[in-house]
Amino acid sequence: ASASNYGLGTAATPQQIAGWNIDVRPDGQGLPRGQGSVAQGEKIFDANCAVCHGTFGDSNKYMVLAGGVGSLKTNAPLSTVGSRLNYATTLFDYVNRAMPFPHSKSLTADEVYAVTAYVLNLSDIVPGNFVANRETLPQVKMPNRDGFYEFPGLMHVHGKSDTHNTTCMRDCAKEVKITGSIPEGFVASMYGDIRDNFRGLASMNEAAPPADET
Amino acid sequence: ASASNYGLGTAATPQQIAGWNIDVRPDGQGLPRGQGSVAQGEKIFDANCAVCHGTFGDSNKYMVLAGGVGSLKTNAPLSTVGSRLNYATTLFDYVNRAMPFPHSKSLTADEVYAVTAYVLNLSDIVPGNFVANRETLPQVKMPNRDGFYEFPGLMHVHGKSDTHNTTCMRDCAKEVKITGSIPEGFVASMYGDIRDNFRGLASMNEAAPPADET
Amino acid sequence: ALPALAHAGEYVPDPKYLPPNLAPWSQDLGKPVGSDPYGLPSPFERSNIRRSSPGLTTTTQSSVAFSPLQNQFGIITPNGLHFERNHNGRADINPYDHRLMVHGLVREAKIYTMEDLLRFPSVSRIHFIECGANTGMNWATPAVPTVQYTHGMLSCSEWTGVPLSTLLDDVGFDRKRAKFILAEGADGSGLTRTIPIEFALDDVLVAYGQNGEMLRREQGYPVRLLVPGVQGVSNVKWLRRIKVGDQPWNTREESLQYSDLMPDGRTRQYTWIQEAKSVITSPSGEQQLLDKGGYYQIRGLAWSGRGRIKRVDISTDGGRNWRQAELQGPVLTKALTRFCADWHWDGSPALLQSRCVDETGYVQPAMAQLREVRGTHSPYHNNGIQTWQVDTEGKVHNVQV
Amino acid sequence: ALPALAHAGEYVPDPKYLPPNLAPWSQDLGKPVGSDPYGLPSPFERSNIRRSSPGLTTTTQSSVAFSPLQNQFGIITPNGLHFERNHNGRADINPYDHRLMVHGLVREAKIYTMEDLLRFPSVSRIHFIECGANTGMNWATPAVPTVQYTHGMLSCSEWTGVPLSTLLDDVGFDRKRAKFILAEGADGSGLTRTIPIEFALDDVLVAYGQNGEMLRREQGYPVRLLVPGVQGVSNVKWLRRIKVGDQPWNTREESLQYSDLMPDGRTRQYTWIQEAKSVITSPSGEQQLLDKGGYYQIRGLAWSGRGRIKRVDISTDGGRNWRQAELQGPVLTKALTRFCADWHWDGSPALLQSRCVDETGYVQPAMAQLREVRGTHSPYHNNGIQTWQVDTEGKVHNVQV
Ligand SMILES: [Ca+2]
Ligand SMILES: [Ca+2]
Ligand SMILES: [Ca+2]
Ligand SMILES: [Ca+2]
Ligand SMILES: [Ca+2]
Ligand SMILES: [Ca+2]
Ligand SMILES: [Co+2]
Ligand SMILES: [Co+2]
């Protein structure tokens with residue numbers, strides 16, 4: 001073996017690749033054969049998803065799936081698949097690889113298409129007679145399709161940031177006021193005795209706490 | 001508190017210091033009040049030490065305490081308290097802080113003096129009527145008193161070493177022969193299956209060993 | 001389960017253990033060498049653990065356990081305390097069955113065993129990993145009490161692995177057409193992220209080593225991606241697949257999540273870089289200073305996804321006046337840096353802050369400056385200056401000014 | 001107890017776990033976040049442990065457990081694998097009862113609690129600790145099979161603590177008269193060593209932190225001395241007392257033990273410095289190379305008590321010809337440095353060696369050169385060049401040439 005041929009690894013066969021090559025791009029590349037309708041999706045959703053996401057995808061026990069369209073610029077934005085997602089193909093990709101939560105990658109392609117159609121319909125993005133497949137899904141225009149943009153400053157190590165603080169050293173503010181703090185009693189009620197989180201030796205109490213012998 | 005006075009720690013009282021200040025220097029500084037004879041030491045040794053070191057300090061189960069005087073420059077040096085130690089005060093210091101092995105610091109000063117005298121007598125360094133105390137012990141001249149020296153090269157970071165290898169890169173030796181190796185069968189008999197010591201993934205066997213499921 | 005370590009004032013040391021007397025361990029034979037072939041901390045350290053934040057998530061399998069920064073020394077996170085963040089629980093993988101597939105715009109798609117990966121030329125580097133959502137709870141107002149919860153999705157280790165560029169060369173990736181790679185995990189979430197080819201060819205590692213041993217299961221055993229300086233989620237754990245492509249994938253973890261909702265309702269996407277950030281770890285939230293006039297060294301951590309930390313300043317009056325802190329060497333790129341500054345607490349209230357500058361000259365912003373640009377619904381990339389209030393009783397609180 | 005991990009050739013992976021199929025962990029919910037508040041390695045790593053050498057010592061309470069260098073990555077030793085060497089077993093100390101007394105030629109003798117020590121200004125440094133007896137079994141002839149046993153009394157961590165000079169100033173030590181300090185442990189052996197004042201004022205630490213958490217019990221919890229670059233025994237564990245004096249103490253651990261018996265029968269005393277040394281950790285003793293013509297990166301460690309490693313050369317023909325290896329940065333003073341070199345094994349026998357040079361220009365000696373000066377009864381300070389033979393079957397053996 002030459003210096004740049006380590007002789008490691010084995011060739012991946014097309015069949016091996018096909019089994020793991022499940023990603024779907026915004027332009028639809030990677031979508032498998034298959035199809036599913038909103039009505040078919042409703043049945044699958046009720047059986048596999050509603051227990052966590054609610055019949056109408058509106059349960060916030062885990063994640064809300066529908067609603068909030070147009071709310072992103074308000075003071076109470078609700079970010080959901082319907083209101084926030086830019087490409088429907090991403091919904092397919094995600095459900096296919098990660099849902100249902102307790103047993104992912106267990107739906108067939110047809111089933112993923114169907115439940116994708118149903119989730120889109122929950123936010124009125126597709127009509128009730130929509131059938132999702134390789135051709136139709138990339139053509140769905142999500143409400144927030146044009147809502148994403150790139151900020152180069154955070155994409156490159158030497159990019160220009162969006163804040164420009166200075167290293168002022170003296171008299172940097174006229175007045176400093178506390179504008180936010182944790183309400184009295186909150187810590188004890190949520191965390192119990194928070195002193196338990198510290199190494200006793202360094203909780204900076206002059207009298208070192210004891211430790212029961214093991 | 002100023003920058004160099006941290007306000008930490010508390011003053012150590014003379015009484016507190018006295019309890020822990022047990023070290024003994026070659027010149028005898030640190031030796032406590034007390035005394036003990038060879039005969040007294042024999043009793044203490046028999047009761048507390050012989051079980052591990054042998055009645056005559058010659059058991060090599062743990063460490064041999066006596067013998068070997070004059071052997072250090074031979075091809076079979078035997079290093080013991082008698083043959084190797086340069087100051088008898090160090091023997092006192094060590095027995096006092098570290099022996100008997102299972103319950104150290106349990107002998108009184110008198111007892112340590114006595115057993116020290118006995119151990120010295122085992123190598124004929126002191127006569128049978130010797131009484132060890134604060135005055136007599138530092139005066140004992142050990143056989144190897146003049147056998148120690150300092151090598152500055154290993155005492156200072158920039159000291160000069162005693163080897164002077166070079167960074168020869170080509171044709172550095174005419175011939176290379178294996179002059180030592182582990183006898184066949186030794187590893188298996190002493191260590192069992194030595195492959196168990198390696199991360200299976202990197203014992204560099206092409207076929208990865210299995211691992212039983214937990 | 002051992003009882004909780006007791007608290008200040010509850011313990012009176014037994015004089016028989018203190019000088020001039022001897023504690024039992026000074027006389028009794030200790031535990032045999034080799035008692036623990038793989039050692040564990042002293043039970044007296046049992047308060048030094050990862051913790052989940054009560055009520056933060058509704059499922060423990062998509063959740064986070066925070067690293068106890070209040071107890072941390074130096075810059076190396078001990079492996080048992082590295083913060084843990086999963087999206088479908090912790091996968092416990094048999095390394096002999098695990099495979100890494102590299103394919104896409106390549107000459108020869110390949111599958112590697114762990115044995116293969118350990119045979120490639122390897123490098124070791126000290127880098128932090130910070131979740132993009134770290135300090136997210138602090139965006140609007142202080143919500144959690146200790147630095148473990150405010151900043152504990154942060155850890156730093158010496159990572160060992162194969163440079164991704166080595167594997168890409170091994171499969172003969174298409175230098176002309178390759179613009180992005182997709183990294184995918186083998187856990188139940190199958191988490192995917194897009195990595196730009198410039199990063200992939202620069203300092204990205206396919207890593208299996210964490211502080212001298214194999215990765216911990218919580219950190220992706222047996223192999224993960226290590227993308228220095230980039231949001232934690234890009235450091236895909238339980239790595240099973242790398243695909244070379246020419247367009248970004250817009251995965252769920254870079255569209256619905258880990259993207260930044262701006263005040264105008266638009267979303268910034270692919271905001272990879274974790275910008276320079278610092279925090280005082282001691283004194284910090286919920287600690288208690290009792291020694292009025294006493295010395296309390298201000299200690300903390302600083303780090304930047306853009307490279308090395310250049311400098312850290314600290315303030316004890318809420319940002320009105322600042323002085324420079326000392327940096328503990330070595331100062332490494334995209335790694336934690338420890339800083340210290342002397343401080344004597346005169347007993348009066350104080351507002352402690354740290355502010356770092358990285359090698360690009362970028363200065364850590366105040367919370368107000370961040371909010372002015374990002375709003376309060378971002379919720380990622382909160383690298384704002386943290387304020388700890390020392391009150392009149394010497395109790396320390398998480399506040400904002 | 002889990003069964004031993006099985007061996008080469010005994011495992012046939014189940015195709016249902018391999019591509020294109022899915023392993024169970026790719027579909028099933030994993031373990032909840034926070035399952036292990038203090039994490040542990042994967043059970044598949046259970047062969048990576050400390051080990052005692054059979055028959056080396058007659059009591060397990062004055063013995064050593066070696067660090068598994070053959071499995072080690074990078075330069076940081078994970079805390080659970082730091083080599084363990086005790087003289088009266090491992091003391092398990094209650095840190096609230098532990099005290100450090102500093103006295104002698106000082107203005108004000110003091111006693112410190114652990115609380116006090118953690119309040120002092122602290123520093124963190126990456127340093128190796130090597131027992132003076134490391135590789136001692138190799139003095140006359142190869143006696144142990146793997147690099148764990150030949151070189152495993154060696155580890156490296158980020159240590160955090162108070163500089164000893166800070167404590168000496170705190171007690172107002174007598175600058176004129178002070179020439180040496182005595183360090184004493186609180187364990188059953190009460191181990192003592194003399195430290196010269198130049199070292200004490202330079203880089204000696206009173207250390208409590210080990211890779212970000214408190215010391216492990218095996219490494220002296222809650223506090224130890226850290227004397228960079230000096231024989232391990234000077235790094236007194238379970239530190240209870242520091243005494244300032246004007247003469248060396250000639251303790252048992254620097255007279256009867258840890259002193260060097262020379263061929264002329266005389267003894268070198270106070271040989272503190274661990275000189276530059278290196279060893280190839282992979283391929284190393286008892287490994288098995290099977291891939292004839294295959295790539296086997298030569299990896300190892302180099303370190304010097306005199307400062308930084310400057311360079312490492314490797315040879316595959318027993319020292320006839322050499323080439324330079326690559327050093328993994330950062331290269332730190334009195335710390336481990338990782339080196340690597342490419343190597344393709346053509347299937348024929350080889351004799352692998354590494355030879356390091358430190359910043360003073362000192363070159364690691366060959367065994368023969370060492371023996372010529374030191375004889376074979378030293379038995380400390382064996383920093384000679386290590387040779388690993390790769391035989392015709394690809395098996396690796398500990399040999400000498
Ligand atoms: Ca091969
Ligand atoms: Ca305390
Ligand atoms: Ca005080
Ligand atoms: Ca293997
Ligand atoms: Ca708005
Ligand atoms: Ca001789
Ligand atoms: Co409590
Ligand atoms: Co076996």
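Lettering follows sequence order; numbering is per chain, from 1. Just so you know, these numbers come straight off a predicted model, no measurement behind them.
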Full working for side chain to side chain contact (heavy atoms under 4.5 Å, CB included) between B/Leu154 and D/Gln274: CA-CA 8 Å; B/Leu154 287 171; D/Gln274 294 292 97; over 6 Å; no
From CA spacing to verdict: side chain to side chain contact (heavy atoms under 4.5 Å, CB included), B/Asn165, D/Gln364: CA-CA 7 Å; B/Asn165 199 11; D/Gln364 182 180 10; 5.8 Å; no
Atom pair CG (B/Asn5) and CG (D/Asp170), whose distance is rounded to the nearest 0.5 Å: 7.0 Å
Spatial distance of atom OG1 (D/Thr59) from atom OH (B/Tyr62) [nearest 0.5 Å]: 5.5 Å
Side-chain contact, heavy-atom cut-off 4.5 Å: [X] with [Y]?
X: B/His158; Y: D/Thr360; answer: yes
X: B/Ile178; Y: D/Gln400; answer: no
X: B/Thr10; Y: D/Lys110; answer: no
X: B/Trp20; Y: D/His103; answer: no
X: D/Arg252; Y: B/Asp93; answer: no
X: B/Leu72; Y: D/Leu261; answer: yes
X: B/Asp27; Y: D/Gln247; answer: yes
X: D/Glu184; Y: B/Ile22; answer: yes

Between [X] (side chain) and [Y] (backbone), is there a donor-acceptor pair under 3.5 Å?
X: B/Arg195; Y: D/Gln288; answer: no
X: D/Arg306; Y: B/His156; answer: yes
X: D/His377; Y: B/Asn75; answer: yes
X: D/Asn71; Y: B/Arg199; answer: yes
X: B/Lys105; Y: D/Gly188; answer: yes

Contacting region of [X] [heavy-atom separation from chain D under 4.5 Å]:
X: B/Thr166; value: backbone
X: B/Thr89; value: neither
X: B/Leu91; value: neither
X: B/Asn86; value: side chain
X: B/Met63; value: side chain
X: B/Ile17; value: both

With a 4.5 angstrom heavy-atom cut-off, could you sort out which part of [X] is near chain B: side chain, backbone, both or neither?
X: D/Arg51; value: side chain
X: D/Val144; value: both
X: D/Leu351; value: side chain
X: D/Asn250; value: both
X: D/Pro365; value: both
X: D/Arg374; value: side chain
X: D/Glu372; value: neither
X: D/Ser62; value: both
X: D/Gln231; value: neither
X: D/Arg311; value: side chain
X: D/Ile385; value: side chain
X: D/Pro196; value: neither
X: D/Leu182; value: side chain
X: D/Asp202; value: neither

Could you verify whether a donor N or O on one side chain and an acceptor N or O on the other, from [X] and [Y], lie under 3.5 Å apart?
X: D/Ser47; Y: B/Asp196; value: no
X: D/Arg241; Y: B/Asn21; value: yes
X: D/Glu275; Y: B/Ser161; value: yes
X: B/Arg97; Y: D/Ser189; value: no
X: D/Ser259; Y: B/Arg84; value: yes

Short N-O contact, B/Asp171 and D/Arg320, less than 4.0 angstrom: no
Worked check of side chain to side chain contact (heavy atoms under 4.5 Å, CB included) between D/Asp313 and B/Met169: CA-CA 9 Å; D/Asp313 302 314; B/Met169 301 300 282; 3.8 Å; yes
Chain B contacts, top residue of D/Tyr112, D/Trp272, D/Phe199 (heavy-atom pairs, under 4.5 Å): D/Trp272
Top of D/Thr192, D/Thr141, D/Thr376, D/Val396 for chain B proximity - count of heavy-atom pairs under 4.5 angstrom: D/Thr192
Parallel, tilted or perpendicular, as decided by the 30° and 60° cut-offs, for the rings of D/Phe120 and B/Tyr6: perpendicular
Closest heavy-atom pair and its distance - B/Val176, D/Gly318: CG2-O, 3.6 Å
Aromatic centroids of D/Tyr270 and B/Phe151 separated by under 6.0 Å: no
side-chain hydrogen bond (donor to acceptor under 3.5 Å, both in side chains) evaluation trace for B/Asn197 with D/Thr146: CA-CA 9 Å; B/Asn197 290 19; D/Thr146 67; 4.7 Å; no
Who among [options] has the most heavy-atom pairs with chain D under 4.5 Å?
options: B/Asp162, B/Val24, B/Thr90; result: B/Asp162
options: B/Ser79, B/Cys168, B/Ser104; result: B/Cys168
options: B/Leu85, B/Asp146, B/Thr80; result: B/Leu85

NZ or CZ of B/Arg170 within 45° of D/Trp322 ring axis and under 6.0 Å: no
Cation over ring face, D/Arg268 and B/Phe148, 6.0 Å, 45°: no
Derivation and outcome, side chain to side chain contact (heavy atoms under 4.5 Å, CB included), residues D/Gln287 and B/Phe198: CA-CA 8 Å; D/Gln287 285 183 316; B/Phe198 293 85; 3.3 Å; yes
